[in-house]
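By convention here, the first residue in the shown sequence is residue 1. Everything quoted here is computed from the prediction, not taken from an experiment.
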Amino acid sequence: MTVEISDSRLTNSLAQGCGEILKGVRNGGLLRGLSLGDAGDDAAQEWIARVLEQHRPGDGVLSEEASDDLARLKKKRVWIVDPLDGTKEFATGRQDWAVHIALVEDGTPVHAAVGLPDYGVTFKSSDVRAVAGPLSKKFVISRNRPPKVAGYIAEKMGYETEGVGSAGAKAMHVLLGDYDGYIHAGGQYEWDQAAPVGVAMAAGLHCSRLDGSPITFNNEDTFIPDLLICRPELKDEILEHAAAFAADNGGF
């Protein structure tokens, strides 16, 4: 008999359990590099799939590490997950990798969790608040693919930019007040954004595309070109500079 568990608890438990699995795979010390990343992805995905099959068999699922069953498009409830966001960081011993778990209803995250296992913390939409305080005057961006639009906005606002690994880690550092915003262009997928956006929105941060339009999830095309997560008091200025950059450069 399956024990009844709330959506919120299931979301948080998936993120925490997945992090423990991934740390266990890595701490075994028997794999390195791509083999380690692949093993972590496979083990975490298999566990998530089994848990959801047992506890939420009627829900849809979209995962980076599983084939896309388009039957999800007809589902009201869809779990959008990335068992290991930041495979390179995970495999090379860096700490800026994350676990993304989100339950989306009608295109919007209603429960979300982002685990940063090496920091020993899971950020949960059920209990989260963004740190308020002095501005850091810094934006966080992709460590591997720094977008030109972020440099442009930073220059206009007198900000610095710093690179961090996974999307989840970047978003949570904004929540913690280490950065005032996370600016991304160059493309991501729904599993990169659903959980970070769900947690960030629950914390009171602004989340949108760089043109200011809302982000919706559970689309047939899972590609999302860009993302802005920032302190709400900065959104208008950032979006204004983003629009100017797009006008001068034909897009982001």
Would you say the side chain of [Y] lies within less than 4.5 Å of the side chain of [X], judging by non-hydrogen atoms?
X      : Y      : value
Leu116 : Trp97  : no
Phe90  : Asp85  : no
Val78  : Phe217 : no
Val81  : Trp191 : no
Leu175 : Val199 : yes
Val104 : Val110 : no
Gln16  : Lys124 : yes

Taking all non-hydrogen atoms of both residues into account, name the closest pair between [X] and [Y] and its distance.
X      : Y      : answer
Ala71  : Lys75  : O-CG, 3.5 Å
Pro117 : Gly19  : CG-CA, 3.6 Å
Ala194 : Pro109 : O-CG, 3.7 Å
Ala43  : Val25  : CB-CG2, 4.1 Å
Ser142 : Pro147 : N-CD, 4.5 Å
Thr11  : Ala113 : CG2-N, 3.7 Å

Could you give all pairs that pass the salt bridge (charged side-chain N to carboxylate O under 4.0 Å, His left out) test and reach [range], with sequence neighbours left out?
range            : value
residues 193-218 : Arg209-Asp226
residues 96-115  : Lys76-Asp106, Arg77-Glu105, Arg94-Asp96
residues 19-32   : Glu20-Lys23, Arg26-Asp118

Heavy-atom count check: over 12 atoms from other residues, nucleotides or ligands less than 6.0 Å from [X] [atom1]?
X      : atom1 : value
Lys148 : NZ    : no
Asp127 : CG    : no
Leu176 : CG    : yes

Other members of the hydrophobic cluster containing [X], with the 4.5 Å side-chain heavy-atom rule, please.
X      : result
Val131 : none
Ile183 : Leu135, Phe139, Val149, Tyr152, Ile153, Met157, Tyr159, Leu210, Leu228, Leu234, Ile238, Leu239, Phe245, Phe252
Ile141 : none
Leu73  : Leu70

Among all residues two or more places apart in sequence or in another chain, which pass the side chain to side chain donor-acceptor pair (under 3.5 Å) test with Ser136?
Asp180
Sorted by chain and number, sequence neighbours left out, side chain to side chain donor-acceptor pair (under 3.5 Å) with Asp42 holds for none
Roughly how far, to the nearest 0.5 Å, is [atom2] of [Y] from [atom1] of [X]?
X      : Y      : atom1 : atom2 : value
His241 : Glu155 : NE2   : CD    : 10.5 Å
Ile101 : Cys18  : CD1   : SG    : 5.5 Å
Phe223 : Asp192 : CZ    : CG    : 10.0 Å
His55  : Arg9   : NE2   : CZ    : 9.0 Å
Ser166 : Arg143 : OG    : CZ    : 10.0 Å
Ile229 : Ile215 : CD1   : CD1   : 7.0 Å

Could you check whether any side-chain N or O of Thr92 sits under 3.5 Å from a backbone N or O of Lys88, counting only pairs where one atom can act as donor and the other as acceptor?
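Here the side-chain-to-backbone pair exists.
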Backbone of Gly165 reached by a side-chain donor or acceptor of Lys170 within 3.5 Å:
yes
For residues 230-240, which residue pairs pass the side chain to side chain donor-acceptor pair (under 3.5 Å) check, not counting sequence neighbours?
Arg231-Glu233
Which pairs with one or both residues in residues 61-71 pass side chain to side chain donor-acceptor pair (under 3.5 Å), sequence neighbours excluded?
Gln45-Ser63, Asp68-Arg72
What do the steps show when you test Asp41 against Thr87 for side chain to side chain contact (heavy atoms under 4.5 Å, CB included), and what is the final call?
CA-CA 8 Å; Asp41 279 327; Thr87 304; 3.6 Å; yes
If you measure only the distance, is there a donor-acceptor pair under 3.5 Å linking the side chains of Glu190 and Asn218?
no
Any donor-acceptor N or O pair under 3.5 Å, side chains Asp82, His100
no
Quick one: do Trp79 and Leu14 satisfy side chain to side chain contact (heavy atoms under 4.5 Å, CB included)? Show the steps, please.
CA-CA 11 Å; Trp79 294 85; Leu14 281 168; 4.2 Å; yes
Assess whether side chain to side chain contact (heavy atoms under 4.5 Å, CB included) is satisfied between Tyr182 and Leu227, documenting all intermediate values.
CA-CA 8 Å; Tyr182 167 27; Leu227 172 67; 3.7 Å; yes
The test is side chain to side chain contact (heavy atoms under 4.5 Å, CB included); show your working for Asp59 and Leu52 and say whether it passes.
CA-CA 8 Å; Asp59 292 352; Leu52 290 177; over 6 Å; no
Salt bridge (Lys or Arg N to Asp or Glu O under 4.0 Å) involving Lys138 - partner list, sequence neighbours excluded
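Checked Lys138 against salt bridge (Lys or Arg N to Asp or Glu O under 4.0 Å); matches are Glu162.
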